[in-house]
S.K.: 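Please read through the structure below; I'll follow up with questions.
Per chain, numbering begins at 1; letters A, B, ... match sequence-line order. Reckoned from all heavy atoms, side chains included, excluding hydrogens, waters and symmetry mates.
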Amino acid sequence: MKHVIEQLVLSALDKAKNNGELEIAESPEIVIEKPKDPKMGDFSTNLAMTLAKPERKNPRAIAEVICKYLKNGGGQVERVDMAGPGFINLKMTPSFFISRLLKVAESGEDFGSSTVGKGQKVLVEYVSANPTGPLHVGHGRGAAVGNTLCNILQKAGFDIKSEYYVNDVGNQMNILGRSTLLRYQEIHQKSVEFPEDHYQGDYIKDIAGEIIEKHGAEYLDKPEEEALPFFRQVAAHWVLEGIKKDLKDFRVEFDGWFSEKTLYDDASVENALAWLRDKGYVYDKDGAVWLKSSAFQDDKDRVIVKQNGDQTYFCSDIAYHQNKINRGFEHLIDLFGADHHGYVPRMQAVMQALGYDRDVFKALLVQFVSLKRGGEKVAMSTRSGEFVTLKEVVDEVGVDAARYFFLSRSCDSHLDFDLELAKKETPENPVFYIQYAHARICNVFLTAQNQGVKVPEVSDVDLTPLVEDEEFALIKNILAFTEVVEKSALAKEVHRISHYLHDLVAVFHSYYNKHRVVTENESLTLARLFLLHCLRITIRNGLALMGISAPEKM
RNA sequence: GCGCCUGUAGCUCAGCUGGAUAGAGCAACGGACUUCUAAUCCGUAGGUCGCAGGUUCGAAUCCUGCCAGGCGUACCA
């Protein structure tokens, strides 16, 4: 919608330039805003103020010229005036909004989509938690944000694929296997010492128990070298399947699950290293192999092969990200927990070493979640196995509430997640506010239906009965949806959607309390129903982006 | 020490990349259900935007320096 206004302003500038009233040496950036006070108009621009310097004129004088040429705005501009230090305020005609509202109904599920992404191929990698134990709340935040970011980017016209990178090789896997083996022996009354750095969680005992069910004491007397691969494989599979299920239950699905192991099997890691070594970005020191990441703005060089010959995770990350680019992705977005932020410069260094622009890689850092229960902090520690899992949270508060809490805060601020609050079905809990609006609208349609009124078709609806300020406030808010999605996509800021929906729905609730929709006046009823129809589409589409349900009844 | 994030109403947070009188929700207080769901609405009250400088027509927003909290600073992930 603002693009249209932009065009109007641009053409006004052109005319002013052609008539010699303004110089306009270079075309300025047009910023269209919504004035704080609706009395000021529907749109405003500070253009005259930004032009003051290059034009060497008083901003008010410039504004006056622009206003003059804006007045013939193709019959869409009702009023244009200058205010304050040089703001230009525009008020549009009702038909300007009405004609656009019709398109909302036409677009339906598609409303909100745009082409700002220009079909650029983007790979979003998120969660990617080590498959050594169940996901906890922190992963949940990453999952909700990553999933929603994909939805938003897609809606904004990016070509998105999502991926979970499975670290299925390395020392962590060995420890997982060994933890399971030890528990297995323990259950068979064998006295074992369970090391502190092994996985303490009860799920390890569950896995061992399942192995016993199928294989009994078969592995009890086998040497560790023989038993370990089996336990490692079974445990890894068990954990990964659990993760997949938890995510699915959380409405998070991936386009792909990428196994780290395959990068070793097909020699990708080896080849990447050889290539980098050939370029002189890899060298040997102290018996280890290093990447010269300091050549690309990283603090220091990083080890990729340890003294003992094991590769670091960072090593296969190089091959993995090269692999992503080889698959044709133009932008790589990784979601990291805040504790991984040290990884960002070294990944950007990798991009450069591989010969790409460092900005091809973008990390989205998601800050920590601190879990509370009625204001009291819930302690969490992975090592001791005392963590609150995603599943537990979802079981307790439900998917909708959990996702809403994760998605309504900016990623780079710490999140206080209060389980008691998320669970409450009272006005203290903001989750239901949006859903309630949707249910209310559905109920209005039910009432209308019971009285034999049908929702009008786009082709024959008469919207002239819509005259109330609140109605136009609603229409304007609905029409802003596409821009919100666009901006949210470009800024990669997921939380804008929930704030937008909250504001949108507030306007509705207020309207609902003031005006009746289903009345004796048929043409008015039809027009209002149509407006609500468009509103319902917007709420549904917005909630769909966030992966939150839109209930018809509450 | 260095790096990243954060500091806005009693609490939880927005503030659209420098604009007009800093906004919501919750909590507090006062009102609105014989009328499409009161999980709602209307109103009142609540602020030295961490502190101090700087940049300009204009700063919560940009720059510098402090202060406070979180997270990093591994041949762990």
Side-chain angles (χ1 to χ4, degrees), chain A residues 31 33-37 40 44 46 49-50 52-53 58-59 83-87 89 128-130 132 167 170-172 197 285-290 299-300 302-314 317 337-345 365-368 370 372 375 405 408-418 421 424-433 435-437 439-448 450-451 480 483-484 487-488 491 493 495-496 498-500 502-503 505-506 508-519 525 528-529 532 553-554:
Chain A
V31 181
E33 301 186 292
K34 202 175 90 183
K36 209 155 273 180
D37 188 343
M40 296 169 175
S44 76
N46 62 350
M49 277 120 96
T50 58
K53 211 172 251 177
N58 183 324
F87 287 101
N89 293 329
S128 296
N130 271 349
T132 55
N167 295 116
N171 198 33
Q172 302 292 325
D197 64 350
K285 194 183 110 191
D286 304 333
V289 182
W290 299 69
D299 292 346
K300 48 183 158 186
R302 306 289 169 178
V303 171
I304 47 184
V305 183
K306 305 183 214 171
Q307 272 178 355
N308 67 8
D310 287 349
Q311 285 91 346
T312 60
Y313 278 76
F314 178 55
D317 276 341
D339 53 339
H340 279 57
H341 72 255
Y343 246 56
V344 179
L365 295 170
V366 182
Q367 296 293 326
F368 279 3
S370 63
K372 291 188 176 169
F405 271 76
S408 55
R409 302 280 132 83
S410 155
C411 284
D412 41 31
S413 92
H414 300 231
L415 174 64
D416 277 341
F417 191 114
D418 195 316
L421 179 62
K424 272 189 192 166
E425 296 193 0
T426 69
E428 277 175 79
N429 188 344
V431 184
F432 304 110
Y433 191 72
Q435 292 184 315
Y436 184 57
R440 247 184 172 176
I441 294 168
C442 291
N443 202 60
V444 173
F445 278 103
L446 213 60
T447 308
N450 290 340
Q451 298 186 13
E483 274 154 32
V484 171
K487 283 185 178 173
S488 176
E493 288 179 355
H495 68 282
R496 294 191 192 204
S498 79
H499 286 280
Y500 162 76
H502 191 277
D503 291 347
V505 148
F508 163 71
H509 281 308
S510 176
Y511 173 66
Y512 178 92
N513 272 274
K514 202 165 167 186
H515 303 284
R516 267 190 77 83
V517 175
V518 183
T519 60
T525 302
R528 287 183 170 173
L529 278 177
L532 257 55
K553 251 189 201 151
M554 282 175 79

S.K.: Looking at the side chain of Asp416(A), which of rU12(B), rC75(B), rC4(B) is the nearest nucleotide?
M.R.: rU12(B)
S.K.: Base, sugar-phosphate, or nothing: which does Ala439(A) touch, judged by heavy atoms less than 4.0 Å apart?
M.R.: base
S.K.: Which one of Ile441(A), Val444(A), Leu532(A) satisfies the side-chain contact (heavy atoms from CB on, under 4.5 Å) criterion with Tyr512(A)?
M.R.: Val444(A)
S.K.: How long is the straight-line distance from CD1 of Ile304(A) back to CG of Asp317(A), given to the nearest 0.5 Å?
M.R.: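 Atom-to-atom, Asp317(A):CG and Ile304(A):CD1 are 11.5 Å apart.
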S.K.: What's the closest nucleotide to the side chain of Ser510(A) if the choices are rC13(B), rC41(B), rC76(B)?
M.R.: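 Out of rC13(B), rC41(B), rC76(B), the nucleotide with an atom closest to Ser510(A)'s side chain is rC41(B).
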S.K.: Which one, rU35(B), rA77(B), rU40(B), comes nearest to the side chain of Tyr313(A)?
M.R.: rA77(B)
S.K.: Using whole Å, report how far CG of Asp197(A) lies from P of rA77(B).
M.R.: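 Checked: the CG to P distance equals 13 Å.
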S.K.: Can you check whether Arg440(A) has a side-chain N or O nearer than 4.0 Å to OP1 or OP2 of rA38(B)?
M.R.: yes
S.K.: Could you work out the separation of rG10(B) and rU6(B) based on their P atoms and round it to a whole Å?
M.R.: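 Rounded to whole Å, the distance is 22 Å.
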S.K.: Would you mind classifying the nucleic acid contact of Arg409(A) as base, sugar-phosphate or nothing, using non-hydrogen atoms under 4.0 angstrom?
M.R.: sugar-phosphate
S.K.: Test your reading of the model: is there a side-chain donor-acceptor pair from Asn308(A) to the backbone of Asp310(A), 3.5 Å cut-off?
M.R.: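 Yes, Asn308(A) side chain to Asp310(A) backbone: donor-acceptor pair under 3.5 Å.
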S.K.: Can you tell me the distance, in whole Å, between the CG atom of Leu415(A) and the P atom of rU6(B)?
M.R.: 15 Å
S.K.: Which one, rC36(B), rU12(B), rC75(B), comes nearest to the side chain of Val444(A)?
M.R.: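 Nearest listed nucleotide: rC36(B).
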S.K.: Among the candidates rC5(B), rC36(B), rC75(B), find the nucleotide nearest to the side-chain atoms of Val518(A).
M.R.: rC36(B)
S.K.: Hey, what do you get for CD (Glu493(A)) to OG (Ser488(A)), rounding to the nearest 0.5 Å?
M.R.: 7.5 Å
S.K.: To the nearest Å, how far apart are Gln172(A) CD and rA74(B) P?
M.R.: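 About 17 Å, once rounded to whole Å.
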S.K.: Rounding to an integer number of angstrom, what distance separates rG70(B) and rA27(B) when you compare their P atoms?
M.R.: 30 Å
S.K.: Side chains of Tyr313(A) and Gln172(A): does their closest heavy-atom pair fall under 4.5 Å?
M.R.: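 In contact.
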S.K.: Looking at CG of Leu421(A) and NZ of Lys372(A), how far apart are the two atoms once the value is rounded to the nearest 0.5 Å?
M.R.: 11.5 Å
S.K.: In this structure, which stretches of RNA chain B are paired as stems of three or more consecutive Watson-Crick or G-U pairs, both distances less than 3.5 Å?
M.R.: B:1-7 with B:67-73, B:10-13 with B:23-26, B:28-32 with B:40-44, B:50-54 with B:62-66
S.K.: How far does the C1' atom of rG18(B) sit from the matching atom of rC63(B), given to the nearest Å?
M.R.: 13 Å
S.K.: Name the closest nucleotide to the Phe432(A) side chain, picking from rC4(B), rA39(B), rU40(B).
M.R.: rA39(B)
S.K.: Would you kindly give the CG-to-P distance between Asn513(A) and rA39(B), to the nearest whole Å?
M.R.: 11 Å
S.K.: Does Lys34(A) NZ have over 12 foreign heavy atoms under 6.0 Å away?
M.R.: no
S.K.: Starting from P on rG43(B), measure out to NZ on Lys514(A) and report it in whole angstrom.
M.R.: 9 Å
S.K.: Sugar-phosphate atoms are those with a prime plus P, OP1 and OP2; base atoms are the rest. Using that split, label each nucleotide of nucleotides 16-24 of chain B B, S or - for protein heavy atoms under 4.0 Å, 5' to 3'.
M.R.: SS-BB---S
S.K.: For Phe417(A) and rC13(B), what is the distance between atoms CZ and C1' respectively, to the nearest whole Å?
M.R.: 15 Å
S.K.: Whole Å only: how far is the CG atom of Asp310(A) from the C1' atom of rA77(B)?
M.R.: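 Going from CG in Asp310(A) over to C1' in rA77(B) covers 14 Å.
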S.K.: Mind checking if Asn167(A) touches a base, just sugar-phosphate, or nothing, with heavy atoms under 4.0 Å?
M.R.: sugar-phosphate
S.K.: How is Tyr433(A) classified with respect to the nucleic acid when contacts are heavy atoms under 4.0 Å: base, sugar-phosphate, or nothing?
M.R.: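 Sugar-phosphate contact only - Tyr433(A) comes under 4.0 Å of backbone atoms but never of a base.
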S.K.: Could you give the distance from NZ (Lys300(A)) to CH2 (Trp290(A)), rounded to the nearest 0.5 Å?
M.R.: 8.0 Å
S.K.: For Lys372(A) and for Phe314(A), find the nucleotide of RNA chain B with the closest heavy atom, then tell me which residue's nucleotide is more 5'.
M.R.: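 It is Lys372(A) whose nearest nucleotide is closer to the 5' end.
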S.K.: Counting primed atoms plus P, OP1 and OP2 as sugar-phosphate and everything else as base, spell out the protein contacts along nucleotides 67-73 of chain B at 4.0 Å heavy-atom distance: B, S or - for each nucleotide, 5' to 3'.
M.R.: --BSBSS
S.K.: Nearest 0.5 Å, what's the OH-CD distance between Tyr500(A) and Glu483(A)?
M.R.: 9.5 Å
S.K.: Could you tell me how far apart Leu529(A) (CG) and rC36(B) (C1') are, to the nearest whole angstrom?
M.R.: 10 Å
S.K.: For the side chain of Lys306(A), counting heavy atoms from C-beta on, which of rA77(B), rU40(B), rC4(B) is nearest?
M.R.: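 The closest nucleotide is rA77(B).
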